[in-house]
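Notes for the one structure printed next.
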Amino acid sequence: MLPPFDLTQYYNAATGELTSGKCVERRLSDLKGCFADASAFEARLAAENPLLYAVAAVEPGQGEGDLHYGIGVLYPGKIGNEYFMTKGHLHAWRPAAEVYIGLRGQGVMLLEDESTGDSRMEPLTSNSIIYVPGHTAHRTMNTGNEPLVYIGVYPAKAGHDYQAIAEKNFRHIVIEKSGKPTLLPRMNRSESL
Ligand code: PAN
Ligand code: ZN
């Protein structure tokens, strides 16, 4: 059987919705500790627990040469001045790189080299392509007003390591400043509040 590379099985391009029942859904409560403005996080969570994103993972095979990919839909919104974001992770198999392809919406990716701590912010929009090298923590943010839809393609054996991010978070934050996504060291986060 051919692997399921027919995107329409998973993604409705007309609505931007994932059609698969096999989605992982992350709500605000799942991102405790990710946002810099803890009081804005708690206030929002006391009022509601919105869906931040959903990912359908497509895993055609587990062989050494196989690729997996995830189709992500990240919804628009902010906590304080910080955009709705994914949890972010390193790959469990650290050398695993990943290619992100933007399908729809406006966003950015935050990339952080695990050993040097060097960080950069890359735009993720429809038709943009971002290469995430191995050993690089990555997190996606929706900086627009509509769902951000993208595909990430990675080696089948990459795996996801969320622990390092849960313990230390990223060294930088991305906030809206003068209407634009702005990368700041986390220490300077008072500017964002
Ligand atoms: C993506 C991510 C997806 C959700 O498919 O898994 O954007 O982000 P988190 O996994 O950080 O919650 C990917 O990078 N896979 O490797
Ligand atoms: Zn990844």
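First listed ligand is number 1; within each ligand, the first listed atom is number 1. Residues: numbered from 1 along the sequence shown.
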(request) Have a look at Val132, Ile165, Val73, Thr86 and point out the one with the heavy atom closest to atom 8 (O) of ligand 1. (result)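 When every heavy atom of Val132, Ile165, Val73, Thr86 is considered, Thr86 comes closest to atom 8 (O) of ligand 1.
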(request) Between Met85, His89, His68, flag the one that comes closest to atom 6 (O) of ligand 1 by a heavy atom. (result)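 Among Met85, His89, His68, the closest heavy atom to atom 6 (O) of ligand 1 comes from His89.
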(request) Using distance alone, with no hydrogens and no angle criterion, decide if Arg139 and Asn169 have a side-chain donor and acceptor under 3.5 Å apart. (result)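 Their side chains do contain a donor-acceptor pair, which is all the 3.5 Å distance test asks for.
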(request) Return yes if a side-chain donor-acceptor contact under 3.5 Å exists between Thr136 and Asp113, otherwise no. (result)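 Not at all, the side chains of Thr136 and Asp113 share no donor-acceptor pair under 3.5 Å.
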Using a 4.0 Å cutoff against the non-hydrogen atoms of [X], which atoms of ligand 1 qualify?
{"X": "His138", "result": "14 (O)"}
{"X": "Tyr150", "result": "3 (C), 7 (O)"}
{"X": "His91", "result": "16 (O)"}
{"X": "Val55", "result": "3 (C), 4 (C)"}

Below 3.5 angstrom, do we get any N/O pair linking [X] and ligand 1?
{"X": "Tyr162", "result": "yes"}
{"X": "Tyr154", "result": "no"}
{"X": "Gly88", "result": "yes"}

(request) Carefully, step by step, assess Lys157 and Asp66 under the rule salt bridge (Lys or Arg N to Asp or Glu O under 4.0 Å). (result) CA-CA 8 Å; Lys157 71 172 183 177; Asp66 281 323; over 6 Å; no
Top protein contact for [atom], by heavy-atom distance:
{"atom": "atom 13 (C) of ligand 1", "answer": "Glu98 OE2, 3.0 Å"}
{"atom": "atom 14 (O) of ligand 1", "answer": "Tyr100 OH, 2.5 Å"}
{"atom": "atom 12 (O) of ligand 1", "answer": "Tyr53 OH, 2.5 Å"}

(request) Starting from the Zn ion (ligand 2), look over the N/O/S atoms of Glu98 and name the nearest one. (result)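 Sorting the N, O and S atoms of Glu98 by distance to the Zn ion (ligand 2) puts OE1 first.
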So do the side chains of [X] and [Y] get within less than 4.5 Å of each other, counting heavy atoms only?
{"X": "Leu74", "Y": "Pro147", "value": "no"}
{"X": "Ile79", "Y": "Phe84", "value": "yes"}
{"X": "Leu148", "Y": "Arg104", "value": "no"}

(request) May I ask you to check if any N/O/S atom from His160 comes under 2.8 Å of the Zn ion (ligand 2)? (result)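 No - counting backbone and side chain alike, His160 has no N, O or S atom under 2.8 Å.
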(request) Could you tell me whether Arg44 and Glu42 make a salt bridge, using a distance below 4.0 angstrom between a side-chain N and a carboxylate O? (result)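 Between Glu42 and Arg44 there is no salt bridge, as every charged N stays at least 4.0 Å from the carboxylate O atoms.
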(request) Give, rounded to 10 degrees, the angle between NE2 (His138) and NE2 (His89) as seen from the Zn ion (ligand 2). (result)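 Nearest ten degrees: 80°.
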(message) Ring centroids only, cut at 6.0 angstrom: are His138 and Tyr154 within range, meaning strictly under it?
(response)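 Ring-ring flag for His138/Tyr154: false, centres at least 6.0 Å apart.
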(message) Among Arg171, Arg120, Lys168, exactly one meets salt bridge (charged side-chain N to carboxylate O under 4.0 Å, His left out) together with Glu112. Which residue is that?
(response)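 Per the salt bridge (charged side-chain N to carboxylate O under 4.0 Å, His left out) rule, the option paired with Glu112 is Arg171, out of Arg171, Arg120, Lys168.
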(request) For the pair His89 and His91, name the ring-plane relationship: parallel under 30°, tilted 30 to 60°, perpendicular over 60°. (result)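 If you compare the ring of His89 with that of His91, the planes turn out tilted.
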(message) So is Arg139 touching ligand 1 or not, going by heavy atoms under 4.0 Å?
(response)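 No; Arg139 lies far enough from ligand 1 that no heavy-atom distance drops under 4.0 Å.
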